[in-house]
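A, B, ... follow the sequence lines: proteins, then strands. Residue 1 opens every chain. Quick caveat, the model's predicted, so the values are computed rather than measured.
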Amino acid sequence: MYEFSDAPNMARRTILKGAVAGGLAGLTGLGLSSFPFPAYAAADAKEWPADAFKQKSEADVLKALYGKTAEASDKISLDAPEIAENGAVVPIAVSSTLPNVTGIAILVLNNPNVLAAAYKIPAGTEALASNRLKMAKTSKVVAVMESNGKLYSASKQVKVTVGGCGG
Amino acid sequence: MRNRFLIQLAVVLSVGGFVTAAIAASADDFKAAYAKAEAASKKALAMKTGWLTTTKELKAAKKAADAGKFDDAVKHAKEAEALANASIAQSEEQKKLWKDAVIR
Amino acid sequence: MLRKCFIAVAIVAGTAQPLLAASGVNPEADRKAFVKYFTEKFPKLKLKDFVNGPYSMDEDLYKQWVAKEEFPPYEFTLEKGKKMLATPFKNGKTYADCFENKGVGIRQNYPKFDPKRGKVITLEVAVNECREANGEKPYNYKKGEMAAITAYMAYTSRGKPMSIKIPDDPRALAAYKKGEEFFYTRRGQFNFACSSCHVQMAGMHLRTEVLAPALGLMNALPVYRSKWGAVGTTSRRLTSCNSQVRATPLKPNDELYRDVEYFLSYMGNGLPISGPGARP
Amino acid sequence: MASTIRIKAVASGDATTVQSLIRHPMDSGFVKDKKTGKPIPAHFIEVLNFEHGGKTVFTAFWGPAVSKDPYVKFKFKGGKKGDELKISWVDNKGQSDSLVAKIR
């Protein structure tokens, strides 16, 4: 089981600092120093929004990621289970009919760090993302989309329980 | 059927509890109680009817004894012995009773 | 003359109904009762869907399963198993030399009874015997390599009906009977038998989990469990179940585990292999 | 070493659906090692990028709450059978991998 809640805040911060440093050091490992202008758009650790991944509330995550607040929208579909079969692997899919979506963020409000995943959606890519997330406990899951420069959100409560004699 | 078994278990456990409450225990009391518990536990394991809770109580007994808390140690050892004996009784009882559960 | 004839009839009848009169063991009758019990308990469920356990019984769980099966988390384990099956041992031989059809599409025949040694051979035992015969160390019976190779072997058998044979041999029947006894025997401080959860309470929610029916349970093994984040063997499945009722688990590959697998696999005869299955 | 990246990219009509599974522990940093009792340090993919025809079509930014052996699915306009799709990732320890796959 994932013992998110056991970790003290201090340790969490230290880990994140380490993560950022590791990410930057990784650039040399990637060989980017010898190819300062890579011919293709490789995954670039510099782009990772470290600050947003540290935040503990929905508002702070959105501020760090997009610098604004979201309004609820029924044009976002958030497909998540009522009861997660296991908090280690919760399939969550989001899609939307909103126009010109440029970014998607998925937040798990009761996780120690609220932001689970953020996606950059270039023009020509649909407003859709499906992934599998860890959930420490029962929580509201929030899907946020940036459309025409504005933020919209939809949410759903997902129940998480510990395994028993099941299966 | 199951209720009867659980009642037996509850009785065994509470008797174990009462005995230890009265007198302060010594290291020797612990050794004697632990040896009995260990023997019962070994017998249960050999019969493949061990309970995880027996092992847990044995460990707790040893830990308490190491800390010089012999009252506690004896209590845990007696509990372990009671659990081990209950598991053996369960196995004996099930030798016949399992047949009642079979889908026919 | 007449008497001889009677004896001949008795012998013919004896092969058709293995030791029925002598030992009172009749696996086929047991299996029919088993299937009847579960099909009556779950009248809406198709027989072949029992092998998918709780996913066939709860829509919310079913959707999560389908989402994961789009790109199953055990994909890497399957690849590993496939590679292992094709990689020669130090002596140049491979698993293909130990198994019929080179180990492909044969999972439904295990466990099988070996009349020469009078032993039940599970697929896991067969893998380790193959390794040892070729001078390799046996694998751990719970996870890792053993789970990977048996997962791939099961994958190549998907859809094939489970085909366990219990020959007319007192040792085979005794193993079957011991397996049956293990299955129905209450153990652990919770005083639960395998059958408590997977027969009487099958399909019910325990906390929020749905208990898998015993029918077809072995057809899904080895199994990927979300709570393990990995594929585990039959031994791992059984040790984990025993622990949950606070019983001290037996050693992986214990004789009783092999026997219960033999019994329960026979109950799943005719149902398709769905291994490596996935479970919460 | 076999690639850590698995891709299913299928063109249908005017769009391509991409599913990817990556072999990665995605350690959150909050789970303790059962043997040592010490937390397993966080180790997770931070950025995952998909490129088609010289242009990025999807970028994922992941934190430690993404499941082990992470999965992602998205859909982009364009792309036809036989086209190349380039996938690359980098994690918080600076490890990385990339793969060029063909759209089916």
Side-chain angles (χ1 to χ4, degrees), chain A residues 1-7 76-96 104 106 108 110-112 116-117 119 125-143 154-167, chain C residues 52-55 57-74 188 190 192-194 196-198 201-213 217 220-221 223-230 232 236-238 240-247 277-280:
Chain A
M1 280 291 104
Y2 291 86
E3 296 165 0
F4 285 119
S5 46
D6 291 346
I76 296 175
S77 133
L78 168 58
D79 194 3
E82 306 278 336
I83 303 170
E85 62 156 41
N86 190 292
V89 191
V90 186
I92 289 168
V94 298
S95 61
S96 172
I104 299 175
I106 303 174
V108 181
N110 285 347
N111 270 2
Y119 299 99
T125 295
E126 292 188 17
L128 176 154
S130 170
N131 56 19
R132 298 169 187 164
L133 303 178
K134 296 175 204 162
M135 290 183 64
K137 53 188 161 199
T138 297
S139 171
K140 201 184 204 184
V141 173
V142 181
S155 67
K156 185 176 176 182
Q157 185 80 3
V158 176
K159 199 172 167 188
V160 177
T161 51
V162 189
C165 123
Chain C
N52 296 321
Y55 295 127
M57 304 182 161
D58 183 286
E59 204 192 331
D60 194 42
L61 283 176
Y62 177 78
K63 276 171 70 185
Q64 295 179 63
W65 178 54
V66 169
K68 286 183 202 175
E69 288 293 303
E70 279 196 56
F71 220 138
Y74 50 80
F190 288 1
F192 268 36
C194 305
S196 313
C197 279
H198 300 289
M201 283 156 63
M204 281 167 60
H205 287 253
L206 189 77
R207 296 179 220 166
T208 56
E209 291 192 69
V210 177
L211 293 165
L217 201 146
L221 283 157
V223 66
Y224 176 91
R225 296 209 69 171
S226 306
K227 68 173 171 188
W228 299 335
R236 186 167 183 190
R237 179 73 179 80
L238 293 168
S240 133
C241 249
N242 282 168
S243 303
Q244 277 166 337
V245 301
R246 305 290 179 267
R279 294 289 182 272

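- Here C:Gln64 contributes atom CD and A:Ile83 contributes atom CD1; the two are 9.0 Å apart, rounded to the nearest 0.5 Å.
- Annotation: maximal heavy-atom pairing with chain A below 4.5 Å, among C:Lys68, C:Lys63, C:Glu70, occurs at C:Lys68.
- At a 4.5 Å heavy-atom cutoff, the contact between C:Phe71 and chain A is made by backbone and side-chain atoms alike.
- For the pair A:Arg132/C:Pro73, a side-chain contact is recorded, criterion being any heavy-atom separation below 4.5 Å from C-beta on.
- Among all heavy-atom pairs drawn from C:Ser226 and A:Ala88, the shortest one is O-CB, 4.0 Å.
- Judged purely by atom type and a 3.5 angstrom limit, A:Glu85 has no side-chain atom pairing as donor or acceptor with the backbone of C:Asp60.
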